[in-house]
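Since the structure comes first, as structure tokens, the remarks are kept for the end.
For this chain, numbers begin at 1 and follow the sequence in order.
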Amino acid sequence: PNMRLRNSSVDGSEGSQLFEDTSGAAAGSQTGYSMNQQAGSQAAGFPGQSILSDPMSNLAMAYGSSLASQGREMVDKNLDRFIPISKLKYYFAVDTMYVGKKLGLLVFPYMHKSWEVNYQHDTPVAPRFDVNAPDLYIPAMGFITYILVAGVALGTQNRFSPELLGVQASSALVWLIMEVLAVLLSLYLVTVNTDLTTIDLLAFSGYKYVGMIIGVVAGLLFGRPAYYLSLLWCCAAIFVFMV
């Protein structure tokens, strides 16, 4: 009889496989997915990349920056016209030694002899080099300290409130401005030629806060008689200093 050999004949399709080999298809699908993902990420990128690469956007940004610089220069010029920043720097050119000497001069001016302001090349020297030169540091700090001391005094009387402290600060500022305007009006009416500027008048008007602080502190520490005595002393001292 004819005997058939085992595995001697194979089909045209090389036989049927028990499990289908899907490794190649899986690798192809993964490769396609990764390529699609990379393409999508490159296409998406970040939104500003396409904007930054646009020439019109670059031109608009350059034009906007030039407008901003021109606006800043215009503001600086107009601000310097109404508020002389360069001149204000002169009035704040002080040091610790000057502040100590000036406070002593404001409290006890009776022994001071030379009241002339020193000049260098027709320009007054900085306040830290001349105790007679006006400054704005002491008036500014004096104004702030006076408001704080007034708040403490109101607190000792059980009358403190933020609104009342704001009213105190506003009234002190209004009286200071009115005082400067009154002096300017008086100088205009009597036609007095003076080298004093408005900032100088503001500085001299602000020196009175030193005496006011001393009076309030003396009243808090030693009572009403000390308040009146110290206030009288400081009034006489500021009168001699101004004259």
Side-chain angles (χ1 to χ4, degrees), residues 84 87-150 153 168-169 171-222 224-243:
K87 292 183 179 180
L88 287 178
K89 292 181 180 179
Y90 164 81
Y91 291 94
F92 286 94
V94 300
D95 55 7
T96 306
M97 185 176 295
Y98 167 82
V99 173
K101 290 182 179 180
K102 196 59 171 283
L103 291 177
L105 184 61
L106 290 172
V107 176
F108 194 82
Y110 306 105
M111 302 300 294
H112 193 67
K113 296 181 180 179
S114 178
W115 295 92
E116 295 181 358
V117 178
N118 297 324
Y119 283 81
Q120 184 178 7
H121 302 294
D122 296 334
T123 304
V125 299
R128 62 174 175 267
F129 300 119
D130 186 13
V131 71
N132 295 323
D135 71 284
L136 287 177
Y137 177 80
I138 293 178
M141 295 297 104
F143 178 82
I144 297 173
T145 307
Y146 170 72
I147 299 303
L148 296 177
V149 172
Q168 190 77 16
S171 61
L173 183 61
V174 169
W175 279 110
L176 177 64
I177 295 174
M178 291 180 61
E179 182 179 350
V180 174
L181 293 177
V183 174
L184 289 174
L185 180 62
S186 301
L187 293 176
Y188 175 76
L189 292 177
V190 299
T191 62
V192 175
N193 294 325
T194 179
D195 295 332
L196 295 176
T197 63
T198 305
I199 302 178
D200 294 332
L201 297 177
L202 183 64
F204 285 114
S205 299
Y207 286 140
K208 65 177 179 291
Y209 292 113
V210 176
M212 296 169 65
I213 293 170
I214 293 175
V216 175
V217 172
L220 290 174
L221 296 178
F222 306 106
R224 190 176 296 271
Y227 168 77
Y228 286 111
L229 288 177
S230 59
L231 196 61
L232 181 61
W233 175 273
C234 292
C235 288
I238 199 67
F239 176 78
V240 174
F241 175 82
M242 292 295 182
V243 174

Rounded distance [0.5 Å steps], CE in Met212 versus CD1 in Ile238: 11.0 Å
Chi angles and distances behind the side chain to side chain contact (heavy atoms under 4.5 Å, CB included) call for Val107, Leu103: CA-CA 6 Å; Val107 176; Leu103 291 177; 5.6 Å; no
Donor-acceptor contact present, side-chain Lys102 to main-chain Val99, <3.5 Å: no
Distance (rounded to the nearest 0.5 Å) between Ile199 CD1 and Leu88 CG: 4.5 Å
Leu181 CG to Ser205 OG distance, which is reported to the nearest 0.5 Å: 10.0 Å
Short side-chain to backbone donor-acceptor contact, Tyr90 and Val125, under 3.5 Å: yes
Pairwise distance CG(Leu201) to OG1(Thr194) - rounded to 0.5 angstrom: 7.5 Å
Smallest separation among heavy atoms of Pro134 and Ala203, with atom names: CB-CB, 4.1 Å
Asn118 side chain to Asp130 backbone, donor-acceptor under 3.5 Å: no
For Leu231 against Gly211, the heavy-atom pair lying closest together: CD1-O, 4.4 Å
Tyr227 atom OH, neighbour heavy-atom count above 12 within 6.0 Å: no
Aromatic plane relationship, Trp115 with Phe241 - under 30° parallel, 30 to 60° tilted, over 60° perpendicular: perpendicular
Side chains of Tyr209 and Ile138 in contact at under 4.5 Å (non-hydrogen atoms): no
Heavy-atom pair of closest approach, residues Ala237 and Pro109: O-CG, 3.3 Å
Euclidean distance, Trp175 CH2 relative to Met178 CE, rounded to 0.5 Å: 5.0 Å
Steps toward side chain to side chain contact (heavy atoms under 4.5 Å, CB included) verdict (Asn132, His112): CA-CA 10 Å; Asn132 295 323; His112 193 67; 3.0 Å; yes
Tyr98 OH: over 12 foreign heavy atoms closer than 6.0 Å: yes
Distance (rounded to the nearest 0.5 Å) between Ile147 CD1 and Ile144 CD1: 9.5 Å
Check against side chain to side chain contact (heavy atoms under 4.5 Å, CB included), Tyr146 and Gln168: CA-CA 10 Å; Tyr146 170 72; Gln168 190 77 16; 3.3 Å; yes
Stepwise side chain to side chain contact (heavy atoms under 4.5 Å, CB included) test for Leu176 and Leu202: CA-CA 8 Å; Leu176 177 64; Leu202 183 64; 3.9 Å; yes
Whether over 12 other heavy atoms sit under 6.0 Å from Phe92 CZ: yes
Nearest heavy atoms of Ala93 and Ala126, plus distance in Å: CB-CB, 4.1 Å
Non-hydrogen side-chain atoms of Tyr207 and Asp135 separated by less than 4.5 Å: yes
is_close_aromatic(Trp233, Tyr110), centroid dist under 6.0 Å: yes
